Amino acid sequence: MATMESLISLVNRIQRACTILGDYGGDSGGAAAASLPTLWESLPSVAVVGGQSSGKSSVLESIVGRDFLPRGSGIVTRRPLVLQLHKTEPGITEYAEFLHKQRERFTDFAMVRKEIQDETDKITGKSKQISPVPIHLSIYSPNVVNLTLIDLPGLTKVAVEGQPESIVKDIENMVRLYVEKPNCIILAITPANQDIATSDAIKLAREVDPAGERTFGVLTKLDLMDKGTNAQDVLEGRAYPLQHPWVGIVNRSQADINKNVDMIAARRREREFFSTSPDYGHLAGRMGSEYLAKLLSKHLESVIKTRIPGITSLINRSIDDLESELDHLGRPVAIDAGAQLYTILELCRAFDRVFKEHLDGGRPGGDRIYGVFDYQLPTALRKLPFDRHLSLQNVRKVVSEADGYQPHLIAPEQGYRRLIDGALNYFRGPAEASVDAVHFILKEIVRRSIGETQELKRFPTLQAEIASAAYDALERFREDSKKTTLRLVEMESSYLTVDFFRKLPLEAEKGGDPTVSNVDRYAEGHFRRIGSNVSSYAGMVSQTLRNSIPKAVVHCQVKEAKRSLLDHFYTQVGKKEGKQLAALLDEDPALMERRQKCARRLELYKNARDEIDSVSWAA
């Protein structure tokens, strides 16, 4: 059978784990379950609400049985205090732990008070400012019940010296953040010597819990009421009825505090006050701080039982989301050198697949290479300055210089060759430009492929190494391609197509006049025919190169990139030792932290599910 202690202790342990992991609202450590409430928010807790000097601190100390909270006039609680009480076995020494000092145990509760004050001052300074950043404190003792209590700054009506005018609204908004949550139980503290109609705590509780289902009313300072007056109407639920019974508390007096009267003696005096009081004797069985703690525990047990199905559903959904996120982030890298090498090679293959998809049409990019051959190269060939090179003046000049002091007899062969060599030399530019254009496209595809390889995003160092190796390989392919394409141009110059020129005399004989003298060969028409013939030959070569340059570029650059882009890198990686391999798999620190937080949170949720299942079965 699951006991009340086991249920509440379970919630306490889960809340403690949530606190350590920071899973109590705000950033959940990742995208998973971002639309869901955190596990902390789904678990019930008790928020202590009251005006300044209403006796909140004394109520908390009475429940704990220890004097550990800062005291003073005005606003003393300036940051929320999330107080988790853990019941231990009898005989265990009481101690306290702070979230910000997890490995330090405090057995001197005067030092606990000092630490709360010091930690408050770290955020707010030694002023009267407030901060919403909570302090988390756990107390382990055989004299407490398992509870989570949240002590909030006291509500106030006016700002005092040293406080901004907005302090009244700031405190109210901070308190509302806690008490508006449907899983929050409101412990509304009101001093008995104050009119209940003016109680700040009751006013706020009524606004967020109009039916009074989540509100427990607590009357403090019953022993300080004027003689002849009492709070029976309130305690018996007539003045302001709630779904739960009102509880009266008698705190230690200032004289008791000054004399360091311990809480055990204070509890005894409280019991005596109610049992001997003519006004409250008939209510003594349900008055006092000990009864209040038991009442809250019993109510928590009831709330937890009704909320377990919803909590379990939240946990299961969060586990699914967190596991999906971990799959997306990738599992931790192995420390074994062999496994690390395998991981690196697999990552390289993943990148290589994406790279090839860009070239083969599965992703955009490869079409730009075709654009180089289909548009840029033909355009560049058409724009070559043959008109200037084969102008009448330049043809006459080249042919005359080639003849020297003896004029050519039949055809100016040397002049032809010089004009053709000069014309074909212009093809070097478009050939090199095609190589460079494809090179830059391949570099851009490498960059995009690295960015699109999801598995690589974890490893910025490996990304940089792969990019560097790929760029080096592309540079080698470019140099080889450049040599090959320029060789194609040089080959056209090295051996001219003879058949093209053999047809020229025949053409002249068919349509020309054989009686034309050699003197006419130096006339303007003769040089124009030479320029036209060379231009025709250059056009024929242009068409040839337009077809052969793309073949050379694809063979030397694109095909090689697909076949052996990272071959050199694979060889180098295979020679690396364990530390060097680990350095390549050095992840982005932000991503590592995100995965660690996600993994810890997943472990928390799984443990919580297992514990809830075990308690549910026991029940």
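Values reported hereafter were calculated over all heavy atoms of this structure, with side chains retained and with hydrogens, waters and symmetry mates removed. These numbers were taken from a predicted model, which means no experiment stands behind them. Residue numbers run from 1 in the order of the sequence given.
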Asker: State, yes or no, whether a side-chain contact exists between Gln52 and Ser54 at a heavy-atom distance under 4.5 Å.
Answerer: no
Asker: Please determine whether side chain to side chain contact (heavy atoms under 4.5 Å, CB included) holds for the pair Phe273 and Met287, giving the CA-CA distance in whole Å, both sets of side-chain angles, and the decisive distance to 0.1 Å.
Answerer: CA-CA 10 Å; Phe273 172 84; Met287 295 290 117; over 6 Å; no
Asker: Which pairs, with at least one residue in residues 109-118 and sequence neighbours excluded, count as a side-chain hydrogen bond (donor to acceptor under 3.5 Å, both in side chains)?
Answerer: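 The answer is Asp67-Arg113, His100-Glu115, Lys101-Glu115, Lys114-Asp118, Gln117-Asp121.
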Asker: Report the relative orientation of the aromatic rings in Tyr140 and Tyr95; use parallel for angles under 30°, tilted for 30 to 60°, perpendicular for over 60°.
Answerer: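 If you compare the ring of Tyr140 with that of Tyr95, the planes turn out parallel.
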Asker: Under the salt bridge (Lys or Arg N to Asp or Glu O under 4.0 Å) rule, collect the residues that match up with Glu455, sequence neighbours excluded.
Answerer: none
Asker: Sort out for me which residue in Leu204, Ile150, Ile186, Val208 forms a side chain to side chain contact (heavy atoms under 4.5 Å, CB included) with Val175.
Answerer: Leu204
Asker: Check ring pair (Phe, Tyr, Trp, His ring centres under 6.0 Å) between Phe106 and all other residues, then give those that pass, not counting sequence neighbours.
Answerer: Phe98
Asker: Looking at OG1 of Thr312 and CZ of Arg317, how far apart are the two atoms once the value is rounded to the nearest 0.5 Å?
Answerer: 11.0 Å
Asker: Phe216: which residues meet the ring pair (Phe, Tyr, Trp, His ring centres under 6.0 Å) condition with it, sequence neighbours left out?
Answerer: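 By the ring pair (Phe, Tyr, Trp, His ring centres under 6.0 Å) rule, Phe216 matches His244, His299.
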Asker: Does the Ser313 side chain pair with the main chain of Pro309, one donor and one acceptor, at a distance under 3.5 Å?
Answerer: no
Asker: Could you walk me through whether Ile185 and Leu300 pass side chain to side chain contact (heavy atoms under 4.5 Å, CB included), step by step?
Answerer: CA-CA 9 Å; Ile185 298 167; Leu300 274 176; 3.5 Å; yes
Asker: For the pair Glu325 and Arg594, find out whether any cationic side-chain nitrogen is under 4.0 Å from an anionic carboxylate oxygen.
Answerer: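 Looking at Arg594 together with Glu325, the answer is yes, because their closest N to O distance falls below 4.0 Å.
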Asker: Identify the heavy atoms of Val49 and Lys56 that sit nearest to each other, and give their distance.
Answerer: C-CD, 3.8 Å
Asker: Would you compute the distance between atom CZ of Arg609 and atom CG of Leu314 and round it to the nearest 0.5 angstrom?
Answerer: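 It comes to 12.5 Å.
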Asker: Side chains of Leu137 and Ile116, heavy atoms from C-beta outward: is any pair under 4.5 Å?
Answerer: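 Of all side-chain heavy-atom pairs linking Ile116 with Leu137, at least one is under 4.5 Å.
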Asker: Minimum heavy-atom separation for Ala47 and Leu152, please, with both atom names.
Answerer: CB-CD1, 4.1 Å
Asker: Does Val250 offer a backbone N or O that forms a donor-acceptor pair with the side chain of Glu270 under 3.5 Å?
Answerer: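 Yes.
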Asker: Take Arg66 and Glu61 through the salt bridge (charged side-chain N to carboxylate O under 4.0 Å, His left out) test and state the conclusion after the steps.
Answerer: CA-CA 5 Å; Arg66 280 288 188 171; Glu61 289 182 335; over 6 Å; no
Asker: Say you draw a straight line from CG of Leu187 to CD1 of Ile63; how long is it, rounded to the nearest 0.5 Å?
Answerer: 6.0 Å
Asker: Taking it one step at a time, do Leu296 and Leu147 satisfy side chain to side chain contact (heavy atoms under 4.5 Å, CB included)?
Answerer: CA-CA 8 Å; Leu296 291 173; Leu147 275 177; 4.2 Å; yes
Asker: Please say whether the positively charged group of Lys181, taken as NZ for Lys or CZ for Arg, lies over the ring of Tyr178, i.e. under 6.0 angstrom from the six-membered ring centre and within 45 degrees of the axis.
Answerer: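 Pair Lys181/Tyr178 counts as cation-pi.
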Asker: In Å, rounded to the nearest 0.5 Å, how long is the span from CD of Gln84 to OG1 of Thr148?
Answerer: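 It comes to 4.5 Å.
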Asker: For Glu272, what residues pass the salt bridge (Lys or Arg N to Asp or Glu O under 4.0 Å) criterion, not counting sequence neighbours?
Answerer: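 Not a single residue meets the salt bridge (Lys or Arg N to Asp or Glu O under 4.0 Å) criterion with Glu272.
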Asker: For Asp327, enumerate each residue passing the salt bridge (Lys or Arg N to Asp or Glu O under 4.0 Å) test, keeping only those at least two apart in sequence or located in another chain.
Answerer: Arg331
Asker: Can you tell me how far apart OG1 (Thr220) and CD1 (Ile189) are? Round to the nearest 0.5 Å.
Answerer: 7.0 Å
Asker: Grab the two heavy atoms, one from Ile202 and one from Ala188, that are nearest each other, plus how far apart they are.
Answerer: CD1-CB, 4.0 Å
Asker: Does any N or O in the side chain of Glu301 come within less than 3.5 Å of the main-chain N or O of Lys305, such that one atom is a donor and the other an acceptor?
Answerer: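 Here the side-chain-to-backbone pair does not exist.
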Asker: Does Glu593 come within less than 4.0 Å of Lys597, counting only side-chain N to carboxylate O?
Answerer: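 So Glu593 does not pair with Lys597 through a salt bridge.
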Asker: Look at Glu290 together with Arg268 and state whether they make a salt bridge at an N to O cut-off of under 4.0 Å.
Answerer: no
Asker: With sequence neighbours left out, what residues match Asn251 under side chain to side chain donor-acceptor pair (under 3.5 Å)?
Answerer: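 By the side chain to side chain donor-acceptor pair (under 3.5 Å) rule, Asn251 matches no residue at all.
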Asker: Taking all non-hydrogen atoms of both residues into account, name the closest pair between Phe109 and Ala96 and its distance.
Answerer: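 Result for this residue pair: CE2-CB, 4.3 Å.
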Asker: With a 4.5 Å limit on heavy-atom distance, are the side chains of His282 and Glu236 in contact?
Answerer: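 They are in contact (side-chain heavy atoms under 4.5 Å apart), so the answer is yes.
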Asker: Looking only at heavy atoms, which two atoms of Val145 and Leu85 are closest? And how far apart?
Answerer: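 Closest approach of Val145 to Leu85: O-CB, 3.3 Å.
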Asker: Quick check against the 3.5 Å criterion: does Lys87 have a side-chain atom that pairs as donor or acceptor with the backbone of Pro142?
Answerer: yes
Asker: Given side chains that start at C-beta, do those of Asp233 and Trp246 come closer than 4.5 Å, heavy atoms only?
Answerer: no
Asker: Within a strict 4.5 Å, meaning less than it, do heavy atoms of the Asp151 and Leu83 side chains meet?
Answerer: no
Asker: Does Asn143 reach the side chain of Val64, with side-chain heavy atoms less than 4.5 Å apart?
Answerer: no
Asker: Side chains of Met174 and Pro80, heavy atoms from C-beta outward: is any pair under 4.5 Å?
Answerer: yes
Asker: For Glu603, check side chain to side chain donor-acceptor pair (under 3.5 Å) against everything at least two apart and list the hits.
Answerer: none
Asker: Can you list the residues that meet the salt bridge (Lys or Arg N to Asp or Glu O under 4.0 Å) rule with Arg286, with sequence neighbours excluded?
Answerer: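 Arg286 satisfies salt bridge (Lys or Arg N to Asp or Glu O under 4.0 Å) with no residue once adjacent residues are dropped.
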Asker: Distance check, rounded to the nearest 0.5 Å: Asp170 atom CG versus Thr156 atom OG1?
Answerer: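 Answer for the CG-OG1 pair, Asp170 versus Thr156, is 12.0 Å.
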Asker: Holding to side chain to side chain contact (heavy atoms under 4.5 Å, CB included), I want the full list of residues that pass it with Ser277, two or more places apart in sequence or in another chain.
Answerer: Asp279, Tyr280
Asker: Go through Glu97 and Glu104 one step at a time and tell me if the side chain to side chain contact (heavy atoms under 4.5 Å, CB included) criterion holds.
Answerer: CA-CA 6 Å; Glu97 284 184 348; Glu104 185 174 348; over 6 Å; no
Asker: To check you understand the geometry: which heavy-atom pair defines the closest contact between Asp200 and Gly51, and what is its length?
Answerer: OD2-CA, 4.2 Å
Asker: Do any N or O atoms from the side chain of Asp209 and from the backbone of Ala205 form a donor-acceptor pair under 3.5 angstrom?
Answerer: no
Asker: Do Arg78 and Thr124 get their side chains close enough for a donor-acceptor pair, meaning under 3.5 Å?
Answerer: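 Side chains of Arg78 and Thr124: pair found under 3.5 Å.
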Asker: May I ask you to test the Pro134-Arg79 pair for a side-chain heavy-atom distance under 4.5 Å?
Answerer: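 Answer no - side chains too far apart.
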Asker: Please identify each residue that fulfils side chain to side chain donor-acceptor pair (under 3.5 Å) with Arg103, with sequence neighbours left out.
Answerer: none
Asker: Could I get the full list of side chain to side chain donor-acceptor pair (under 3.5 Å) partners for Thr229, not counting sequence neighbours?
Answerer: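 Expected list: none.
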